[in-house]
**Student:** 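Have a look at the structure that comes next, please.
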Amino acid sequence: LRDQAFYNLLYVNNQNAAQFAELKTQQERDAYLSGLGYLQKYNELPPHVQSAILEHEIVEGAPEFTLFMAAGRPIKENKQVSMEGEARSLFYLRCSKDSGANAGKFVSESGMCAARMSSAFKTALLPAPGSPPRDPLFAEAQNYMVTVKAGKIASVSIVTELPR
């Protein structure tokens with residue numbers, strides 16, 4: 001899991017993710033990451049942030065690189081410049097926790113969140129009390145907007161749809 005998170009970071013930063021994936025031992029991978037300074041940065045994070053990354057969770061206030069480790073490359077990115085400085089909004093799609101092989105993971109398109117039949121039927125037939133019934137084929141993903149300011153994750157929110 002940890003190496004997958006580092007692979008995401010290398011991929012987002014266009015830093016030979018394929019070369020990293022070919023390394024056979026943990027020692028070789030750790031040496032490669034240390035050479036880039038990433039292992040040191042990761043080891044300096046508080047334990048709850050390290051755990052969150054491995055669970056594909058985004059932590060407000062954490063350094064920007066942790067976003068890429070947890071979620072990979074955004075689907076879309078917008079920049080805003082104001083008197084307070086630059087802010088970037090990064091948009092992601094995340095599969096729900098019960099959506100098959102990619103459960104709980106951030107993905108590049110909603111088709112990658114295909115539900116197992118049992119979860120699709122539960123979703124369609126047993127909506128939560130007080131909530132409208134959901135279409136089981138499209139109910140498996142959530143849209144996230146993450147705002148980054150000054151190299152830190154400023155906010156994380158779930159939005160109804162991703163910008164075009």
Side-chain angles (χ1 to χ4, degrees), residues 1-23 29-115 134-135 137-164:
L1 287 175
R2 188 191 77 154
D3 286 342
Q4 178 61 50
F6 279 115
Y7 178 88
N8 290 347
L9 180 62
L10 293 168
Y11 181 74
V12 169
N13 290 332
N14 296 317
Q15 291 181 305
N16 283 334
Q19 182 181 344
F20 175 73
E22 290 171 5
L23 298 173
R29 289 188 295 271
D30 286 354
Y32 185 87
L33 295 168
S34 290
L36 294 171
Y38 289 145
L39 189 60
Q40 297 88 323
K41 285 181 172 181
Y42 175 80
N43 288 335
E44 290 169 5
L45 295 170
H48 76 278
V49 175
Q50 290 181 10
S51 299
I53 290 168
L54 302 182
E55 297 291 323
H56 309 285
E57 297 291 341
I58 302 166
V59 179
E60 285 186 23
E64 180 179 16
F65 78 91
T66 65
L67 168 62
F68 303 129
M69 290 182 78
R73 184 171 284 172
I75 292 173
K76 184 168 178 61
E77 181 176 338
N78 292 335
K79 289 183 180 172
Q80 301 88 26
V81 179
S82 69
M83 298 300 253
E84 293 98 43
E86 182 181 286
R88 293 178 15 251
S89 297
L90 296 95
F91 297 90
Y92 289 92
L93 185 67
R94 184 180 188 183
C95 298
S96 67
K97 301 264 186 211
D98 61 351
S99 61
N102 285 326
K105 294 180 183 169
F106 290 90
V107 294
S108 59
E109 57 187 69
S110 61
M112 298 173 78
C113 292
R134 302 185 308 175
D135 182 324
L137 297 179
F138 297 104
E140 302 303 324
Q142 291 181 309
N143 301 310
Y144 278 70
M145 182 176 84
V146 181
T147 304
V148 175
K149 293 180 184 171
K152 298 258 187 220
I153 298 167
S155 68
V156 180
S157 53
I158 295 173
V159 294
T160 52
E161 60 185 61
L162 296 175
R164 301 211 179 279

**Student:** Run the side chain to side chain donor-acceptor pair (under 3.5 Å) test against Q19 and tell me which residues pass, sequence neighbours left out.
**Tutor:**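 For Q19 the side chain to side chain donor-acceptor pair (under 3.5 Å) partners, ignoring immediate neighbours, are N16.
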**Student:** Quick one: list whatever passes side chain to side chain donor-acceptor pair (under 3.5 Å) with E84, sequence neighbours left out.
**Tutor:**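 Listed in chain order: S82.
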**Student:** Rounded to the nearest 0.5 Å, how far apart are CD of E161 and CG of L93?
**Tutor:**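 These two atoms lie 12.5 Å from each other.
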**Student:** Under 3.5 Å, side-chain donor or acceptor atoms of residues 43-54 against the rest of the protein: list the pairs with distances, not counting sequence neighbours.
**Tutor:**
{"from": "N43", "atom 1": "ND2", "to": "L39", "atom 2": "O", "distance (Å)": "3.3"}
{"from": "Q50", "atom 1": "NE2", "to": "Y42", "atom 2": "O", "distance (Å)": "2.9"}
{"from": "Q50", "atom 1": "NE2", "to": "L45", "atom 2": "O", "distance (Å)": "3.2"}
{"from": "S51", "atom 1": "OG", "to": "P47", "atom 2": "O", "distance (Å)": "3.1"}

**Student:** What's the shortest heavy-atom distance between A62 and T66, and which atoms?
**Tutor:**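 Taking every non-hydrogen atom into account, CB-OG1, 3.4 Å.
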**Student:** Just distance, no hydrogens or angles: give the donor-acceptor pairs under 3.5 Å from side chains in residues 74-81, sequence neighbours left out.
**Tutor:**
{"from": "K76", "atom 1": "NZ", "to": "R164", "atom 2": "O", "distance (Å)": "3.4"}
{"from": "E77", "atom 1": "OE2", "to": "R88", "atom 2": "NE", "distance (Å)": "2.6"}

**Student:** Going by the disulfide (SG to SG under 2.5 Å) test, which pairs reach into residues 83-112, not counting sequence neighbours?
**Tutor:**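 Matches after skipping sequence neighbours: C95-C113.
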**Student:** Tell me every residue that passes side chain to side chain donor-acceptor pair (under 3.5 Å) with T160, counting only those two or more places apart in sequence or in another chain.
**Tutor:**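 T160: no side chain to side chain donor-acceptor pair (under 3.5 Å) contacts found.
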**Student:** Between R2 and D30, is any pair of side-chain heavy atoms under 4.5 Å apart?
**Tutor:**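 A side-chain contact under 4.5 Å exists here.
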**Student:** Tell me if a side-chain donor or acceptor on R94 pairs with a main-chain N or O of N143 at a distance below 3.5 Å.
**Tutor:**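 Not at all, since once roles are kept as given, no pair shorter than 3.5 Å links the two residues.
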**Student:** Determine which pairs satisfy side-chain hydrogen bond (donor to acceptor under 3.5 Å, both in side chains) with at least one residue from residues 145-154, sequence neighbours left out, and list them in order.
**Tutor:**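 Applying side-chain hydrogen bond (donor to acceptor under 3.5 Å, both in side chains) to every pair that reaches into residues 145-154, excluding sequence neighbours, yields T147-S155.
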**Student:** Does anything in residues 51-78 form a ring pair (Phe, Tyr, Trp, His ring centres under 6.0 Å)? List the pairs, not counting sequence neighbours.
**Tutor:**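 Qualifying pairs, neighbours excluded: none.
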**Student:** What's the separation between atom CD in Q15 and atom CG in L10, rounded to the nearest 0.5 Å?
**Tutor:**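 Q15 atom CD to L10 atom CG measures 6.0 Å (nearest 0.5 Å).
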**Student:** Hey, could you give me the CE/NZ distance between M69 and K41, rounded to the nearest 0.5 Å?
**Tutor:**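 Output value for this atom pair is 11.0 Å.
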**Student:** May I have the step-by-step check of side-chain contact (heavy atoms from CB on, under 4.5 Å) for S34 and Q40, ending in yes or no?
**Tutor:** CA-CA 6 Å; S34 290; Q40 297 88 323; 4.0 Å; yes
**Student:** Taking all heavy atoms of N102 and all of M112, pick out the closest pair and write down the distance.
**Tutor:**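 Taking every non-hydrogen atom into account, ND2-O, 2.9 Å.
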**Student:** Among pairs that include at least one residue of residues 53-86, which meet disulfide (SG to SG under 2.5 Å), considering only residues two or more places apart or in two chains?
**Tutor:**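 Applying disulfide (SG to SG under 2.5 Å) to every pair that reaches into residues 53-86, excluding sequence neighbours, yields nothing.
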**Student:** Considering all heavy atoms of both residues, which atom of V148 and which atom of E64 are nearest to each other, and what is their separation?
**Tutor:**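 Nearest pair, atom of V148 first, then E64: CG1-CD, 3.7 Å.
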**Student:** Quick one: list whatever passes side chain to side chain donor-acceptor pair (under 3.5 Å) with Y7, sequence neighbours left out.
**Tutor:**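 So Y7 forms no side chain to side chain donor-acceptor pair (under 3.5 Å) with any residue.
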**Student:** Do L67 and L90 pass the side-chain contact (heavy atoms from CB on, under 4.5 Å) test, and can you show the C-alpha distance, the side-chain angles, and the key distance before you say yes or no?
**Tutor:** CA-CA 10 Å; L67 168 62; L90 296 95; 4.3 Å; yes
**Student:** Going by the rule ring pair (Phe, Tyr, Trp, His ring centres under 6.0 Å), which residues pair with Y92 if we only count those two or more places apart in sequence or in a different chain?
**Tutor:**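 Checked Y92 against ring pair (Phe, Tyr, Trp, His ring centres under 6.0 Å); matches are F106.
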**Student:** Test side-chain contact (heavy atoms from CB on, under 4.5 Å) on L36 and F6; report intermediate values, then the result.
**Tutor:** CA-CA 11 Å; L36 294 171; F6 279 115; over 6 Å; no
**Student:** For Y32, check ring pair (Phe, Tyr, Trp, His ring centres under 6.0 Å) against everything at least two apart and list the hits.
**Tutor:**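 If we apply the ring pair (Phe, Tyr, Trp, His ring centres under 6.0 Å) test to Y32, skipping adjacent residues, the hits are F20.
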